[in-house]
Amino acid sequence: MANMIQMAKEQITELVNDAYLAAAAKGELPEGLTLNGSVEIPKDTANGDYAANFAMASAKLMRMPPRKVAEALIANMQLEGSWFETAEVAGPGFMNFRMGDKWYGDVVKLVNAEGKSYGTCDIGRGRKLMVEFVSANPTGPMHMGNARGGVLGDALASVLERAGYDVWREFYVNDAGNQIEKFASSIEARCLQLVKGEDAVEFPEDGYHGDDIKELARLFCEKYGESWLDKSRSERHELMAQFGLEHNLPKMKADLERYGIKYDEWFYESSLHESGYVADSVNKLAERGYTYEKDGAQWLKTSEILGENLLKAGKKPEDIEKLELKDDVLRRANGFYTYFAADIAYHRNKFEQRGFDKVINVWGADHHGHVARLKGAMDALGLDGEHRLDIVLMQLVKLTRGGEVVRMSKRTGKAISLSDLLDEIPVDAARYFFNSRPESPVEFDLELALRQDSENPVYYVQYAHARICTLVAALAAEGHAVPNAEDVDFTLLSSDAERELIKQLAALPEEIRLAARDYDPSRINKYVTELAARFHRFYNSCRIKGAQEGVLQARLCLADTVRKVIAVSLSIIGVSAPEKM
């Protein structure tokens with residue numbers, strides 16, 4: 001669980017503070033001060049691996065020019081026994097530090113000591129966290145947005161697990177409400193057309209028009225014949241909705257498992273209605289004074305709740321007025337609760353009943369208007385939605401082939417579903433390509449995803465892993481087994497290609513920390529792509545086979561360490577690490 005980059009920064013801070021105390025004791029710097037400043041990795045490491053700005057940040061306190069402060073600190077700095085080889089003053093008062101052999105060797109030893117747990121940290125401190133993602137309506141096949149949300153949610157959950165959170169993955173099944181009534185009406189209309197002829201029944205304009213509904217109707221009539229015609233409309237709809245859900249949900253689960261996604265729970269909206277929890281949640285809001293009756297319906301004072309939150313955030317009343325905030329219906333005049341009321345109950349259940357410290361929802365960008373309303377409802381229930389409920393909004397996906405936008409499946413001639421996509425391209429490619437920055441639209445090139453060359457990033461990374469496996473096997477056949485890292489002389493690895501590769505190995509814990517902090521698992525894609533690139537450069541410039549024995553052992557151990565870290569990185573985003581390609 002060590003972060004060698006963070007530890008190096010901390011060691012520089014310690015070296016600087018010790019140097020200050022020594023300089024102050026000699027009268028070279030004023031005594032009794034606490035130094036300000038930070039340590040960063042510069043974009044250009046030609047002048048040093050780390051840059052510290054303590055002299056710049058503390059010069060005013062000391063009433064001295066920054067460069068003079070830096071010179072005094074460097075003159076009193078004891079690098080012996082540290083990870084650093086040199087420390088120099090640069091420009092107006094920066095201090096540049098260059099790492100020595102020991103740090104590079106310690107990185108490789110640490111990675112091997114930690115094995116598959118390398119890169120983990122404990123910023124989560126075991127807190128219970130739910131990631132809810134996909135949650136597609138069970139009324140039809142999953143589409144490209146669901147395909148992207150599935151990867152982002154699953155990869156984010158993996159990142160958060162490695163960051164020390166107790167993570168729960170959940171799919172919310174919308175098996176109640178208007179869309180299920182529309183689903184049943186659509187199946188009923190297609191069944192009536194099958195029994196009485198297509199022209200005998202007009203299909204509802206707002207119904208589900210897809211061929212999947214026709215197929216469900218065919219299967220329903222195959223099972224029930226015409227016996228359902230004797231049932232009442234409500235009985236019919238209940239039977240048809242249940243039949244449709246029993247057909248669609250197992251297929252959704254199978255498609256997602258094929259995609260490498262498994263949930264801890266599939267939570268059913270219907271359970272909230274049946275248990276009375278939706279009604280209870282609306283009553284709780286009423287008890288707190290946040291609802292009112294109008295036109296026979298019960299409304300949430302959304303505008304008041306959001307207005308209060310905006311005032312607390314420092315917004316001016318006149319600016320809030322311009323937003324024209326609106327209230328929301330919770331219970332319609334016909335007595336039925338709205339989807340929003342059920343969503344409030346569901347999120348109350350997450351916090352109050354199941355005790356999650358934090359909840360993250362991965363939603364499409366078209367849900368952005370719902371974010372503040374739901375957080376506000378949680379605030380109104382005293383559940384601190386502002387800090388405990390986080391929403392990751394993701395942008396659209398555009399499929400292309402040969403530069404042309406693709407909307408239809410070659411196989412079916414219909415809109416491409418998740419199932420169609422996985423029939424056309426490997427799961428690894430789909431997961432890798434979709435795990436990009438959530439706030440950016442994705443252009444998914446189907447031809448690129450199938451290419452077996454360095455232009456295809458997932459192939460490029462997997463090939464690096466397979467290349468190392470082949471190398472290790474070939475050297476083992478010649479009697480050169482991968483040595484124990486503790487027995488290797490890593491001072492023999494002194495070229496730029498070797499050291500840049502080790503620096504990239506060291507960066508994984510920090511990338512995981514930042515990916516967890518920013519809810520951005522795409523950082524792992526970028527990290528492992530760069531690791532593969534540095535490995536290929538190392539492999540092409542540093543001979544392993546036929547090298548002097550000590551150098552061979554060190555380079556072989558380094559290559560095998562890269563293999564392990566590629567495998568760990570790919571596992572986080574749910575991509576395989578093949579041994580042969």
Side-chain angles (χ1 to χ4, degrees), residues 131-137 139-156 171 208-212 251-252 255-256 258-261 360-371 391-462 515 518-529 570 573-575:
V131 182
E132 183 222 319
F133 57 105
V134 181
S135 298
N137 277 342
T139 53
M142 285 180 289
H143 52 69
M144 287 302 98
N146 304 139
R148 188 179 189 198
V151 172
L152 285 171
D154 196 40
L156 176 57
F171 189 115
Y208 294 115
H209 291 256
D211 287 346
D212 57 296
K251 186 173 187 325
M252 290 174 89
D255 284 347
L256 286 164
R258 179 184 176 194
Y259 201 28
I261 295 171
I360 302 166
N361 295 340
V362 180
W363 288 350
D366 56 332
H367 286 70
H368 70 94
H370 191 49
V371 175
I391 312 293
V392 176
L393 293 175
M394 59 174 186
Q395 295 295 328
L396 299 173
V397 174
K398 182 165 73 174
L399 291 180
T400 63
R401 185 187 285 112
E404 298 290 320
V405 175
V406 178
R407 290 190 176 87
M408 300 294 158
S409 164
K410 283 198 298 186
R411 184 176 60 82
T412 64
K414 300 164 192 164
I416 292 182
S417 65
L418 172 60
S419 178
D420 294 328
L421 180 74
L422 298 183
D423 285 344
E424 191 160 335
I425 64 164
V427 169
D428 284 344
R431 290 195 62 119
Y432 198 94
F433 277 82
F434 281 136
N435 188 43
S436 53
R437 288 187 72 83
E439 69 273 20
S440 306
V442 170
E443 187 168 309
F444 193 125
D445 186 335
L446 292 166
E447 288 184 345
L448 178 61
L450 291 169
R451 279 172 62 172
Q452 297 193 353
D453 59 32
S454 61
E455 292 298 310
N456 178 351
V458 67
Y459 180 86
Y460 183 69
V461 173
Q462 290 179 319
D518 301 339
Y519 298 164
D520 181 13
S522 74
R523 295 189 74 104
I524 308 304
N525 284 43
K526 294 190 204 74
Y527 167 82
V528 75
T529 304
L570 290 177
I573 58 176
V575 173

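From a predicted model like this one, the values you see are computed outputs, not experimental measurements.
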Enquirer: Between I524 and A515, what is the shortest heavy-atom contact and its length?
Expert: CD1-CB, 4.5 Å

Enquirer: How close do V362 and G153 get, counting heavy atoms only, and between which atoms?
Expert: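 Here V362 and G153 meet closest at CG2-CA, 4.0 Å.
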
Enquirer: Start with the C-alpha gap between F434 and L152, add the side-chain angles, then the distance that decides, and say whether side-chain contact (heavy atoms from CB on, under 4.5 Å) holds.
Expert: CA-CA 7 Å; F434 281 136; L152 285 171; over 6 Å; no

Enquirer: State the CG-CE distance between L421 and M144, to the nearest 0.5 angstrom.
Expert: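 These two atoms lie 4.5 Å from each other.
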
Enquirer: Counting N and O atoms only, with roles assigned by atom type, does the side chain of D453 sit under 3.5 Å from a partner on the main chain of E455, one being a donor and the other an acceptor?
Expert: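 Yes; at least one donor-acceptor contact below 3.5 Å.
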
Enquirer: Between G260 and D154, what is the shortest heavy-atom contact and its length?
Expert: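 Looks like O-OD2, 3.5 Å.
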
Enquirer: Does any N or O in the side chain of N456 come within less than 3.5 Å of the main-chain N or O of A449, such that one atom is a donor and the other an acceptor?
Expert: yes

Enquirer: Is there a donor-acceptor contact under 3.5 Å from the side chain of Y259 to the main chain of A147?
Expert: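 At least one qualifying donor-acceptor pair exists.
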
Enquirer: With a 4.0 Å cut-off, would you call E447 and R401 a salt bridge?
Expert: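 Result for this pair is no, no salt bridge flagged.
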
Enquirer: Please list, chain by chain and in numerical order, all residues satisfying side-chain contact (heavy atoms from CB on, under 4.5 Å) with A155, sequence neighbours excluded.
Expert: N435, P521, I573

Enquirer: Between R431 and V151, which heavy-atom pair has the shortest distance, and what is it?
Expert: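 Heavy atoms only, the tightest pair is O-CG1, 3.3 Å.
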
Enquirer: Show the nearest heavy-atom pair for residues G145 and M394, with the distance to one decimal.
Expert: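 Scanning both residues completely, I find the closest heavy atoms to be O-CE, 3.1 Å.
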
Enquirer: Identify the heavy atoms of F171 and A136 that sit nearest to each other, and give their distance.
Expert: CZ-N, 3.2 Å

Enquirer: Would L418 and L256 satisfy side-chain contact (heavy atoms from CB on, under 4.5 Å), going step by step from the backbone distance to the final call?
Expert: CA-CA 9 Å; L418 172 60; L256 286 164; 4.3 Å; yes

Enquirer: Taking D255 for its side chain and M252 for its backbone only, find out whether a donor-acceptor pair lies under 3.5 Å.
Expert: no

Enquirer: Between the main-chain N or O of S436 and the side-chain N or O of R148, is there a donor-acceptor pair closer than 3.5 Å?
Expert: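 Judged by distance alone, yes, a pair lies under 3.5 Å.
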
Enquirer: Check the pair F433 / L448 against side-chain contact (heavy atoms from CB on, under 4.5 Å), numbers first and verdict last.
Expert: CA-CA 10 Å; F433 277 82; L448 178 61; 3.9 Å; yes

Enquirer: Give the intermediate values and the outcome of side-chain contact (heavy atoms from CB on, under 4.5 Å) for residues H367 and N361.
Expert: CA-CA 11 Å; H367 286 70; N361 295 340; over 6 Å; no

Enquirer: Do the side chain of N525 and the main chain of Y432 share a donor and acceptor less than 3.5 angstrom apart?
Expert: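 The answer is yes, because a donor-acceptor pair under 3.5 Å joins these two groups.
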
Enquirer: Test your reading of the model: is there a side-chain donor-acceptor pair from T400 to the backbone of G403, 3.5 Å cut-off?
Expert: no

Enquirer: Report the residues that fulfil side-chain contact (heavy atoms from CB on, under 4.5 Å) with P426, sequence neighbours left out, ordered by chain and then residue number.
Expert: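 Here the qualifying residues are A429, L450.
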
Enquirer: For E439, does the CD atom sit with more than 12 other heavy atoms under 6.0 Å from it, leaving out its own atoms?
Expert: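 Check passes, neighbour count above 12.
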
